[in-house]
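As C-alpha cells, the structure follows; a few thoughts come after it.
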Amino acid sequence: IEAGAFSGCEAYASIITIPEGITSIAEDTFSNASFAYIEFPESVKEIGAGAFRGSRLKNVTIPENITSIGKEAFDCYEIDYVIFESMTPPSFGEDVFGIDGDTMGLDIYVPAAALNAYKSALGLEEYFNIHAFYGDAK
C-alpha cells in the first residue's frame, strides 16, 4: 500500500480489514480517513509515520506481529483506547498517539507480565494511562 493511498477516504464500512500479505502500512496511508476500526493481519510488521493520523479510529488492537510504529501513527482525536497483544513492546516513533494522548484520556492496555516493559518503552514514557489487561501485573 503506497503512502497516502487512502488519505481522506470516506469509508462505507466502519471496520477496515488489511489483507493478509501486506507487511507494512506506509506513511499517511489512512490519514484523515473516516472508518472507526481496523483489523491487522499477521503479515503486518510495520506501521509508518502518520499512517492513521487524523482518522476517526475509536480504538485499536495492535497484534504481537507488529514490531514498529512510526511517529504520530495513531494521532487520532477520537481514539479512546489501544490494546497491545505482544509481550515485547514494538519500537515507537515520537508522539505515536499524538502529543495530547494523556490529556484526552487515552488508555493503553498491555499484557500484565509486560506492563513494566511498556511503561519504560522509548516513545511511551509520556503516556501515563498504561494498564494491564489480563493477569497479575508484576
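Given the structure is predicted, the values throughout are model-derived calculations rather than measurements. Computed from heavy atoms alone, side chains included, the values below leave out hydrogens, waters and symmetry copies.
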Given side-chain contact (heavy atoms from CB on, under 4.5 Å), test Thr61 with Glu85 step by step and report yes or no. CA-CA 7 Å; Thr61 298; Glu85 295 181 330; 3.5 Å; yes
- Query: Between Phe92 and Phe84, does the ring centre distance come in under 6.0 Å?
  - Reply: yes
Is Ile38 close to Phe52 at the side-chain level, that is, under 4.5 Å between some pair of heavy atoms?
yes
Hits for salt bridge (charged side-chain N to carboxylate O under 4.0 Å, His left out) against Lys58, two or more places apart or cross-chain, chain-then-number order -> Glu78
Rounded to the nearest 0.5 Å, the CE atom of Met87 sits from the OH atom of Tyr118 at a distance of 8.5 Å
Rounded to the nearest 0.5 angstrom, the CD1-CD1 distance for Ile47 and Ile69 is 5.0 Å
For this session: Report the C-alpha distance between Val82 and Phe74 in whole Å, list the side-chain angles of each, state the deciding distance to 0.1 Å, and finish with yes or no for side-chain contact (heavy atoms from CB on, under 4.5 Å).
Result: CA-CA 10 Å; Val82 177; Phe74 292 99; 5.7 Å; no
Any donor-acceptor N/O pair, Glu27 side chain to Gly50 backbone, under 3.5 Å = no
Counting distance only, does the side-chain N/O of Thr29 pair as donor-acceptor with the main-chain N or O of Ile25 below 3.5 Å?
no
query: Got a donor-acceptor contact below 3.5 angstrom from the Ser43 side chain to the Gly21 backbone?
result: yes
When every non-hydrogen atom of Lys119 is compared with those of Ile130, the smallest separation belongs to CE-O, 3.5 Å
Taking atom CD of Glu125 as the centre, does the number of heavy atoms from other residues, nucleotides or ligands within less than 6.0 Å exceed 12?
-> yes
For the backbone of Ala26 and the side chain of Ser24, can you confirm whether one donor and one acceptor N or O come within less than 3.5 Å of each other? no
**Prompt:** Short question: side chain of Asn65, backbone of Pro41 - any donor-acceptor pair under 3.5 Å?
**Reply:** yes
CG (Asn59) and OH (Tyr81) are apart, to the nearest 0.5 Å, by 3.5 Å
(message) Do Ile66 and Phe40 make a side-chain contact, defined as non-hydrogen atoms from C-beta onward lying under 4.5 Å apart?
(response) yes
query: Under a 4.0 Å N-O cut-off, is there an ion pair linking Arg53 with Asp28?
result: yes
For this session: Verify, without hydrogens or angle tests, whether Asn129 (side chain) and Leu106 (backbone) share a donor-acceptor contact under 3.5 angstrom.
Result: yes
Asn32 and Arg56: CA distance, side-chain angles, deciding distance, side-chain contact (heavy atoms from CB on, under 4.5 Å) verdict | CA-CA 7 Å; Asn32 300 306; Arg56 294 189 176 158; over 6 Å; no
The single option from Thr67, Ile18, Thr23 that satisfies side-chain contact (heavy atoms from CB on, under 4.5 Å) with Val44 is Ile18
Exercise for the section: Go through the steps for Ile15 and Glu39 under the test side-chain contact (heavy atoms from CB on, under 4.5 Å), then give the verdict. Expected result: CA-CA 7 Å; Ile15 299 174; Glu39 295 177 350; 4.0 Å; yes
Value for CD (Glu94) from CD (Glu72), rounded to nearest 0.5 Å, stands at 8.0 Å
Contacts of Ser91 meeting side chain to side chain contact (heavy atoms under 4.5 Å, CB included) (sequence neighbours excluded), chain-then-number -> Ser68
| task | Measure up the Phe97 and Tyr127 rings against each other and bin them: parallel (under 30°), tilted (30 to 60°), perpendicular (over 60°). | result | perpendicular
Rounded to the nearest 0.5 Å, the CD1 atom of Ile62 sits from the OH atom of Tyr109 at a distance of 15.0 Å
CG (Asp80) and CG (Asp107) are apart, to the nearest 0.5 Å, by 8.5 Å
**OP:** State, yes or no, whether a side-chain contact exists between Phe30 and Ser55 at a heavy-atom distance under 4.5 Å.
**Re:** no
